[in-house]
Each structure stands twice: as C-alpha cells, then as structure tokens.
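Order of appearance sets the numbers: ligands from 1, and atoms from 1 within every ligand.
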Amino acid sequence: MNIILLGFMGSGKTSIGKMLSKKKDFNFIDTDLEIEKRNQMSINNIFKDLGELFFRNEEKKLLNDIKEKNNIVLSTGGGFACNSQNIKKLNNFGLTIYLKYSNNKLFERLKKQRKERPLIKDLNDSDLKIFIKKYLHKRKEYYTQADNIIECDKLDENQILRKINSLIVPK
Ligand code: S3P
C-alpha cells in the first residue's frame, strides 16, 4: 500500500512523511525534493526561471512516473493535489490523508517559513493572511476529496502520527 499526505503549505507534510516512512519501513518521496533533484534547481529557481506552469507539469510527470510503485509514503507539495486529475490519481495510488489546519494556524506556521516558498516569499503579514484565505478556499475542494481528514490545529507531530497509524492499522 501507499500513503499520501496532502495539505496546504506549512502543514508539516515533509517532516511527518519522513517520520511515518521510518516507522512503517516504507520508501519516502517528497514531491518538491524529487522535482528539485530531477532539475538540479531549487523550487524558488524553478518558479523564477522556468515558471509555475513548468513546475505543475513536473508534478504531473512525477505522479505518472511513480504510479506502479508500492510501499511509499508520498508527501506532496501544497498545490500537487489541486486539480481534478491529480487528486483522482492520488486516490488511486493509495490512502490519501489531508492534514487540515485553520487559516489562523497556517498563518502562524507560515509566517516563520516564507523564504523557500516562491508563492509567498515576498508577501507581508497582511498579504499572507489574504493569500491563505483565498488559496485555501480554492483548494479545499480538492483536499477534501482525500480518503481521510485529520484536524491538526491542536495536535503535535506525534499525535498526528498516531492518528495516521490508527487509519492504516486494521483494528
Ligand atoms: C506550493 C507548495 C510548495 C511547493 C511550491 C508550491 C503550493 O510545497 O510545491 O512552492 O502551490 O502550495 P509545500 O506545501 O511543501 O510548501
């Protein structure tokens, strides 16, 4: 089986995915890291020099390339699941889990980590708040098609991991 983590930027998909893959002894793929590796460029530079459309295309290609793999924990970039084709393919690939946070919590988390994220790196606090509201509203439609949704606002990483485990271990 495969486990796929979805959610907005700053939801901890990479760090939780890594921990989960160790625990389950699964291979770990982080879509952003994989795309950086394939292009030998940072996400910031891919956006700057090649454009967002190129990046979205890389996401689609990657999904296609891994579709036969098994025993993978896949941590997706925040926009990865956000079109009808990709979310469908992710749901076919394995168990999808949306790590859900409120706008306020996302703001708290993201205001400390803007630099590496091309879509928000130049935004001030008030524009970041507006960005989160607008994008989360648009993306909710896709994130909520995940097989499972975990409300993460009040949970720490270990509690989130335990919740994920309870979803994948048969009772
Ligand atoms: C993006 C999220 C980022 C990265 C890129 C675009 C998005 O991933 O894929 O900057 O569109 O939300 P994280 O969710 O890991 O920050």
Side-chain angles (χ1 to χ4, degrees), residues 2-21 27-66 72-87 89-90 93 96-125 127-146 148-153 155 157 160-161 164:
N2 297 308
I3 305 162
I4 302 116
L5 303 180
L6 319 178
F8 209 76
M9 285 179 249
S11 304
K13 292 160 294 184
T14 300
S15 106
I16 292 189
K18 239 182 236 169
M19 289 158 79
L20 184 65
S21 67
N27 290 313
F28 175 63
I29 300 177
D30 179 273
T31 62
D32 286 343
L33 296 178
E34 184 60 31
I35 291 171
E36 287 185 327
K37 205 159 70 186
R38 287 178 172 204
N39 289 280
Q40 292 291 300
M41 276 170 104
S42 68
I43 299 291
N44 267 337
N45 283 339
I46 294 177
F47 269 68
K48 184 161 66 73
D49 297 343
L50 305 172
E52 181 171 353
L53 216 59
F54 175 88
F55 176 74
R56 298 301 172 200
N57 229 26
E58 287 295 286
E59 290 186 320
K60 289 206 171 90
K61 262 207 267 181
L62 173 57
L63 187 49
N64 213 37
D65 293 344
I66 62 173
I72 301 281
V73 172
L74 183 71
S75 292
T76 58
F80 197 101
C82 299
N83 64 72
S84 31
Q85 273 181 347
N86 283 12
I87 184 64
K89 287 185 185 168
L90 288 172
F93 183 57
T96 47
I97 300 171
Y98 169 28
L99 302 182
K100 182 179 176 195
Y101 289 89
S102 64
N103 291 17
N104 285 342
K105 196 76 188 179
L106 285 172
F107 173 70
E108 262 172 50
R109 295 171 65 96
L110 277 173
K111 68 179 178 191
K112 293 169 261 158
Q113 28 169 310
R114 269 173 266 213
K115 272 217 312 280
E116 307 300 322
R117 295 184 160 96
L119 295 176
I120 59 171
K121 70 182 179 45
D122 298 322
L123 302 182
N124 61 29
D125 280 2
D127 287 342
L128 178 61
K129 269 188 194 156
I130 295 169
F131 177 95
I132 293 170
K133 195 168 170 209
K134 185 168 141 203
Y135 271 70
L136 193 56
H137 182 71
K138 275 203 287 200
R139 290 177 167 186
K140 227 172 29 201
E141 169 191 352
Y142 303 102
Y143 294 149
T144 53
Q145 291 178 47
N148 295 280
I149 299 176
I150 299 180
E151 302 274 353
C152 295
D153 267 16
L155 305 179
E157 280 192 337
I160 295 171
L161 265 180
I164 295 176

> Quick one: which ligand 1 atoms are inside 4.0 Å of a heavy atom on Pro118?
Replying inline: 10 (O)
> Considering residues, nucleotides and ligands other than Lys129, do more than 12 of their heavy atoms fall under 6.0 Å from its NZ?
Replying inline: no
>> Considering only residues two or more places apart or on different chains, which pairs with a residue in residues 3-15 satisfy side chain to side chain donor-acceptor pair (under 3.5 Å)?
In response: Thr14-Asp30, Ser15-Glu157
> Quick one: does Gly78 get an N or O within less than 3.5 Å of an N or O on ligand 1?
Replying inline: yes
> Does ligand 1 have a heavy atom under 4.0 Å from the side chain of Glu58, from its backbone, from both, or from neither?
Replying inline: neither
> Between the side chains of Glu59 and Asn86, is a donor N or O closer than 3.5 angstrom to an acceptor N or O?
Replying inline: no
>> Would the distance check show the side chain of Thr96 and the main-chain N or O of Ile4 forming a donor-acceptor pair, the cut-off being under 3.5 Å?
In response: no
>> I'd like to know whether ligand 1 has Thr14 as a neighbour, heavy-atom separation below 4.0 Å.
In response: no
> With backbone taken as N, CA, C and O and side chain as the heavy atoms from C-beta onward, which portion of Leu119 lies under 4.0 Å from ligand 1: side chain, backbone, both, or neither?
Replying inline: side chain
>> Show me which atoms of ligand 1 lie under 4.0 Å from any heavy atom of Asp32.
In response: 3 (C), 4 (C), 8 (O), 9 (O), 13 (P), 15 (O)
> Where do Phe55 and Phe47 land on the ring-ring contact (aromatic ring centres under 6.0 Å, His included) test, with the steps shown first?
Replying inline: CA-CA 7 Å; Phe55 176 74; Phe47 269 68; 5.0 Å; yes
> Do any N or O atoms from the side chain of Arg114 and from the backbone of Lys111 form a donor-acceptor pair under 3.5 angstrom?
Replying inline: yes
> Under a heavy-atom criterion of less than 4.0 Å, does Phe80 contact ligand 1?
Replying inline: no
>> If the cut-off is 4.0 Å to any non-hydrogen atom of Arg56, which atoms of ligand 1 fall inside it?
In response: 6 (C), 7 (C), 11 (O)
> Side chain, backbone, both or neither: which part of Phe55 has a heavy atom under 4.0 Å from ligand 1?
Replying inline: side chain
> atom 14 (O) of ligand 1: which protein heavy atom is closest, and how many Å away?
Replying inline: Lys13 NZ, 2.5 Å
> So which of Leu123, Leu106, Ile120, Asp127 actually passes side-chain contact (heavy atoms from CB on, under 4.5 Å) with Ile132?
Replying inline: Leu106
> Hey, are the side chains of Ile160 and Ile164 touching, using non-hydrogen atoms and a 4.5 Å cut-off?
Replying inline: yes
> Given Arg117, Lys121, Arg139, Glu36, which has its nearest heavy atom closest to atom 12 (O) of ligand 1?
Replying inline: Arg139
